[in-house]
Amino acid sequence: MTVKVSVSLEGMSIDESFEGATADEIVGKMKARVARELSFPLKMAVNAMGNVVFTQEVVRRYNETKRLSLPLPATCQEFLTLAIQQGLATVD
């Protein structure tokens with residue numbers, strides 16, 4: 001499965017495709033991509049997060065930025081589904 005992500009939030013812009021066999025694998029690659037852009041302390045914090053915790057933090061920050069109240073995902077698949085519904089990702 002390939003997921004194309006196009007988002008620009010909080011000074012970070014991502015316009016890339018992530019490929020993996022499962023939603024968890026794809027989110028892991030997204031997390032690694034985001035971590036590359038962060039300062040060392042934030043990179044350490046993100047790398048220490050599990051994939052689901054990472055997705056929940058992303059949704060929390062998205063909600064704050066966009067003044068929304070989207071539900072926090074319980075799984076990586078829920079996160080990808082939410083990203084697609086919000087127009088931030090597509091599946092190729």
Side-chain angles (χ1 to χ4, degrees):
M1 165 171 49
T2 301
V3 176
K4 170 92 168 111
V5 176
S6 294
V7 65
S8 183
L9 289 171
E10 296 184 357
M12 183 177 297
S13 182
I14 299 175
D15 188 17
E16 296 181 28
S17 293
F18 299 91
E19 195 169 318
T22 65
D24 192 60
E25 185 179 346
I26 290 168
V27 168
K29 290 178 180 182
M30 289 177 182
K31 183 174 83 167
R33 166 61 178 83
V34 168
R36 286 195 320 250
E37 303 252 343
L38 301 173
S39 65
F40 183 73
L42 290 176
K43 183 183 299 192
M44 296 298 289
V46 166
N47 286 334
M49 291 178 185
N51 288 347
V52 173
V53 173
F54 170 75
T55 67
Q56 291 171 343
E57 184 61 26
V58 168
V59 172
R60 271 189 205 96
R61 289 175 182 258
Y62 185 74
N63 280 341
E64 286 175 14
T65 300
K66 299 293 186 177
R67 307 233 188 271
L68 299 171
S69 58
L70 300 171
L72 298 182
T75 66
C76 291
Q77 184 60 54
E78 283 182 21
F79 173 73
L80 293 180
T81 299
L82 186 62
I84 291 165
Q85 289 171 346
Q86 292 298 307
L88 304 171
T90 58
V91 176
D92 296 335

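All values reported here derive from a predicted model rather than from experimental measurement.
- Between Phe79 and Met30, the closest heavy-atom pair is CE2-SD, 4.0 Å.
- Residue pairs satisfying the salt bridge (Lys or Arg N to Asp or Glu O under 4.0 Å) criterion with at least one member in residues 76-86, sequence neighbours excluded, are absent.
- Taking the side chain as every heavy atom from C-beta outward, Thr90 and Val3 never approach each other to under 4.5 Å.
- Of the inter-residue distances, the one linking Asp92 atom CG with Ser17 atom OG reads 5.5 Å to the nearest 0.5 angstrom.
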Less than 3.5 Å apart, which donor and acceptor atoms pair up between the side chains of residues 34-48 and the rest of the protein, not counting sequence neighbours?
unit_1	atom_1	unit_2	atom_2	d
Glu37	OE2	Arg33	NH1	2.9
Glu37	OE2	Arg33	NH2	3.2
Asn47	ND2	Lys43	O	3.2

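- Interatomic distance, Arg60 CZ to Thr55 OG1, rounded to the nearest 0.5 Å: 9.0 Å.
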Name every donor-acceptor pair, under 3.5 Å, that has one atom in a side chain of residues 18-25 and the other anywhere in the protein, sequence neighbours excluded.
unit_1	atom_1	unit_2	atom_2	d
Thr22	OG1	Glu25	N	3.1
Asp24	OD1	Asn51	ND2	3.1
Glu25	OE1	Ala21	N	3.0

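- Residues Val52 and Val59 are members of separate hydrophobic clusters, defined by side-chain heavy-atom contacts under 4.5 angstrom among Ile, Leu, Val, Met, Phe, Trp and Tyr.
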Pair Gln85-Leu80, side-chain contact (heavy atoms from CB on, under 4.5 Å): steps then yes or no: CA-CA 9 Å; Gln85 289 171 346; Leu80 293 180; over 6 Å; no

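- When all heavy atoms of Gln86 and Tyr62 are compared, the closest pair comes out as OE1-OH, 3.7 Å.
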Audit row: Asp15, Lys4, side-chain contact (heavy atoms from CB on, under 4.5 Å) steps and yes/no: CA-CA 7 Å; Asp15 188 17; Lys4 170 92 168 111; 2.5 Å; yes

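- Remark: Glu64 does not engage Arg61 in a salt bridge, criterion side-chain N to carboxylate O under 4.0 Å.
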Test log, rule side-chain contact (heavy atoms from CB on, under 4.5 Å), inputs Thr2 and Val91: CA-CA 6 Å; Thr2 301; Val91 176; over 6 Å; no

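- Residues Val7 and Met12 form no side-chain contact, since every pair of their non-hydrogen atoms from C-beta on lies 4.5 Å or further apart.
- The CG atom of Asn63 sits 6.5 Å away from atom OG of Ser69, with the distance rounded to the nearest 0.5 Å.
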